[in-house]
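Structure first, commentary second.
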Amino acid sequence: MSKSTESPWRSWLVIGLILVAFISLYKANPNAPAVKDLTLLEFYQLLGQGKLVEPVTRVLDHEKGETYLTGEMETDELVESADKSIDGTPKKETYRVALVPGENEKTMDDLLAENVKVVVREEHSALSPLVINILFMVGMMVLFYFCFFRKMGGGGGFFSFGKSKAKALPPEGDKRKITFADVAGIDEAREEVQEIVEFLKNPEAFKKLGGKIPKGVLMVGPPGTGKTLLAKAIAGEAKVPFFAMSGSDFEEMFVGVGASRMRDVFAEAKKRAPCIVFIDEIDSIGQKRTGAGAIGGSHAYEQTLNTMLVEMDGFDANEGVIVIAATNRPDTLDSALLRPGRFDRQVVVELPTLKGRREILELHGKKITFAADADLDRVARGTPGFSGADLANLLNEAALLAVRKKLEGVDMATLDEARDKVIWGRERKSAGYSQKDREYTAWHEAGHAILQVLLAPDADPLHKVTIIPRGRALGATMALPEKDVLNHTKKYFLAEMRICCGGRIAEELVLGDISTGASQDIATATQIAREMICKYGMSEKFGFQAFMEPSQFTGEDLPPAFSEETSREIDAEVKRLIDAAYADAKRLLSENRDKLELLAKALLEHETMDGRDVEALVKNV
Ligand code: ADP
Ligand code: ZN
């Protein structure tokens, strides 16, 4: 036998042995018998009720990279002795609480340190990590040697590196399935995705009815509003597998590895279709590509992004793989992502309204025992701008505080304290959102909204008005263009200018003082006036003429295309247009002051009002 035919045999044997060794190492830790999984909340409750047997063991499982608490708890059942008489000791059960590193791990530490005996146990595989590391290194070297120097890597070359990472795919069925019952307060978004559930449940029937099958869905909304939760619930409702990854996972990957992993995920997903592939934080791989200037690091993302697009284009929507991506920064996304056949459907997941917050609190509060004075309605009122995650966090904090204070149930004072903790904890902008700010905002937005309704049909219909802060704005009045309008009329601009003035005027009329809240409105009104005159020939004074800044012609620093005198006249004309708009808006709002007041009060109470409700209010009074 020649050398070349005998060496492959030996190499395979070595590789086989290494694999067997690895597998047996990782299997060396058989799981304990039935264990009850508790949520942190349930844990606190049981702790408060004295049902946990001390000590609590805190396990750092290095092998699986997780931390959890475990120990014994008393159940409601009692132990039966041999003669069937009941001896009164409760049955015990082993529990387990998973801890999220950095998130609830820390609070747990505080609590446990305080009054509960804790034992810490570190769990490794049978061998110490050092030995494993050494074995791993040796194993890698051997593999490397065979793959490259003996040229026997075959198929995947270097054992297709990315594959090892694809284990992020969760095994199905091991966790409690999440369904729509776990999602509260975002009804609109929930309704929008209902169709996807229908499709996944029964692709054939869906196709027969002629439904248009989505391939990619982009969920847009602030962090913690339940985008991931909703995606999981879609999978849970339709009983299909759920593959999850995060754009940020790809950040520390080598060139090629991200792309390879992406391919693996899609290959696996296609095998298991119908199913859902969820990509959180898509913006970290899907940012606008900066043309030819892409250097270094960005190249790796680009490859990952391209791979994803190729994969998405490559399969037919009928195959039943639905890609759901989440972001809170849709404006930074590369437009290639939004083309037809990719993420062409958007579901907006907004911060919950008052009613939504109430529902979320109720849902998460189910697991908590409350004192008689606890009023979730009041909590909902006191938490504008809170996301679902913030609210869940609030209840967690409250339960924890209640245990500390040795209370029977969570009371109102504790809920208030927890709310403040959550607010200060994240130091969000709305922390300084006082009752006074709310009032100014309510009058301000009511001013815009009333004019929006009064000035229809010159202005677009009112969609909704809200005093829930978002981003830097304290509130918003949203219009709803009936179709995509490409062409605007003079009447439309005049109405828009008056609507812009409405916020400031309402503050002035009712509160007798004015705030900085109108700065954006002032900028918008000024720009409209200027463009009407200089760009669209809509002023009586100047008529059919354009006045452009020279930079608009050539980008060079030339003298203006009009004289200084004209420039002054334009300024005067801008002022005339705006003054007229302001005066007219003031007249309208003064005449409708009763409605203005009704709307502002309604906003203070409900925070958000639908366009139709405002219309009814304006027309009926
Ligand atoms: P996102 O993906 O939008 O950042 P998540 O889905 O990860 O938000 O939400 C984090 C957690 O907050 C959820 O696991 C859930 O406990 C809670 N949560 C957020 N929104 C909701 C909601 N609408 N209903 C119920 N719970 C919610
Ligand atoms: Zn405004």
Side-chain angles (χ1 to χ4, degrees), residues 39-41 98 100 103-104 175-176 178-190 193 218-234 236 242 244 246-248 278-283 324-329 347-353 355-367 386-396 422 440-452 465-467 472-479 496-508 514-525 585:
T39 66
L40 200 52
L41 265 178
V100 183
E103 217 171 273
N104 51 26
K175 293 233 172 74
R176 194 181 66 87
I178 288 176
T179 66
F180 283 155
D182 299 295
V183 185
I186 45 173
D187 298 346
E188 259 174 63
R190 214 171 75 171
V193 299
L218 189 65
M219 290 199 180
V220 179
T225 43
K227 298 182 290 297
T228 312
L229 189 70
L230 192 60
K232 280 189 191 154
I234 296 172
F242 181 78
S246 171
S248 60
F278 179 71
I279 309 174
D280 203 0
E281 298 178 56
I282 182 97
D283 37 279
I324 301 182
T327 180
N328 58 346
R329 301 158 62 200
V347 173
V348 178
V349 186
E350 307 214 44
L351 283 174
T353 58
K355 183 168 156 283
R357 294 201 298 275
R358 163 93 235 212
E359 287 166 14
I360 294 172
L361 285 167
E362 238 155 57
L363 181 74
H364 286 270
K366 270 192 205 151
K367 297 174 214 141
F386 272 49
S387 67
D390 292 333
L391 294 169
N393 191 4
L394 184 157
L395 289 178
N396 256 330
V422 173
Y440 266 96
T441 311
W443 287 105
H444 180 107
E445 297 305 331
H448 286 310
I450 293 279
L451 288 177
Q452 187 90 43
V465 47
T466 175
I467 57 167
R472 249 180 295 144
L474 292 178
T477 299
M478 286 166 261
E496 279 301 299
M497 275 167 62
R498 279 179 282 177
I499 294 167
C500 282
C501 300
R504 161 69 56 93
I505 294 169
E507 292 178 26
E508 192 188 357
I514 50 182
S515 75
T516 52
S519 67
Q520 188 54 48
D521 301 331
I522 297 172
T524 310

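FYI, side chains are in, hydrogens and waters are out, and symmetry mates aren't considered; it's all heavy atoms of this structure. Note that ligands are numbered from 1 as they come in the structure, with each ligand's atoms numbered from 1 the same way.
- Partners of Glu496 under the salt bridge (charged side-chain N to carboxylate O under 4.0 Å, His left out) rule, at least two apart in sequence or in another chain, do not exist in this structure.
- Between the side chain of Arg504 and the backbone N or O of Ser515 there is at least one donor-acceptor pair closer than 3.5 Å.
- Near Pro223, with a cut-off below 4.0 Å to any heavy atom, the atoms of ligand 1 are 4 (O).
- When the Zn ion (ligand 2) is compared with the N/O/S atoms of His448, atom NE2 turns out nearest.
- In summary, of the residues considered (Ile178, Asp280, Ile324), a side chain to side chain contact (heavy atoms under 4.5 Å, CB included) with Thr228 occurs for Asp280 alone.
- Using a 4.0 Å cut-off to heavy atoms of Ala389, the atoms of ligand 1 that qualify are 10 (C), 12 (O), 17 (C), 18 (N), 19 (C).
- Under the 4.0 angstrom criterion for non-hydrogen atoms, His364 is in contact with ligand 1.
- No donor-acceptor pair closer than 3.5 Å links the side chain of Lys227 to the backbone N or O of Ala325.
- Between the Zn ion (ligand 2) and the N, O or S atoms of Asp521, the shortest distance is to OD2.
- Heavy atoms of Gly221 come nearer than 4.0 angstrom to ligand 1 in no pair at all.
- Pairing each heavy atom of His448 with each of Cys500, the nearest pair is CE1-O, 3.2 Å.
- In terms of modelled atom types and a separation under 3.5 Å, the side chain of Arg329 and the main chain of Asp283 share no donor-acceptor contact.
- Smallest separation of non-hydrogen atoms from Leu451 and Ala585: CD1-CB, 3.9 Å.
- Of the polar atoms of Ile360, none of the N or O atoms is found under 3.5 Å from an N or O of ligand 1, judged by distance alone.
- Of the polar atoms of Gly185, none of the N or O atoms is found under 3.5 Å from an N or O of ligand 1, judged by distance alone.
- Considering backbone and side-chain atoms alike, Ala392 places every N or O at 3.5 Å or more from each N or O of ligand 1.
- Checked by atom type and distance alone, the side chain of Lys232 never pairs as donor or acceptor with a backbone atom of Phe242 at under 3.5 Å.
- Residue-to-ligand polar distances place Gly226 within reach of ligand 1: an N/O pair is separated by less than 3.5 Å.
- The Ile186 neighbourhood of ligand 1 comprises atoms 23 (N), with distances under 4.0 Å to a heavy atom of that residue.
- Put simply, part of Asp182 is less than 4.0 Å from ligand 1, judged by heavy atoms.
- Gly224 N, 2.7 Å is the protein heavy atom nearest to atom 4 (O) of ligand 1.
- When heavy-atom distances to ligand 1 are checked against a 4.0 Å cut-off, Thr228 comes that close through both its backbone and its side chain.
- Considering each of Ala184, Ser387, Gly388, the one bringing a non-hydrogen atom nearest atom 17 (C) of ligand 1 is Gly388.
- Remark: the Ser387 side chain and the Asp390 side chain contain an N/O donor-acceptor pair separated by less than 3.5 Å.
- At distances below 3.5 Å, not a single donor-acceptor pair connects side-chain atoms of Glu507 with backbone N or O atoms of Ile514.
- Contacts with ligand 1 closer than 4.0 Å are made by heavy atoms of both the backbone and the side chain of Leu229.
- Ligand 1 lies nowhere less than 4.0 angstrom from a heavy atom belonging to Ala326.
- The salt bridge (charged side-chain N to carboxylate O under 4.0 Å, His left out) check on Arg358 picks up Glu362, Asp377, with sequence neighbours excluded.
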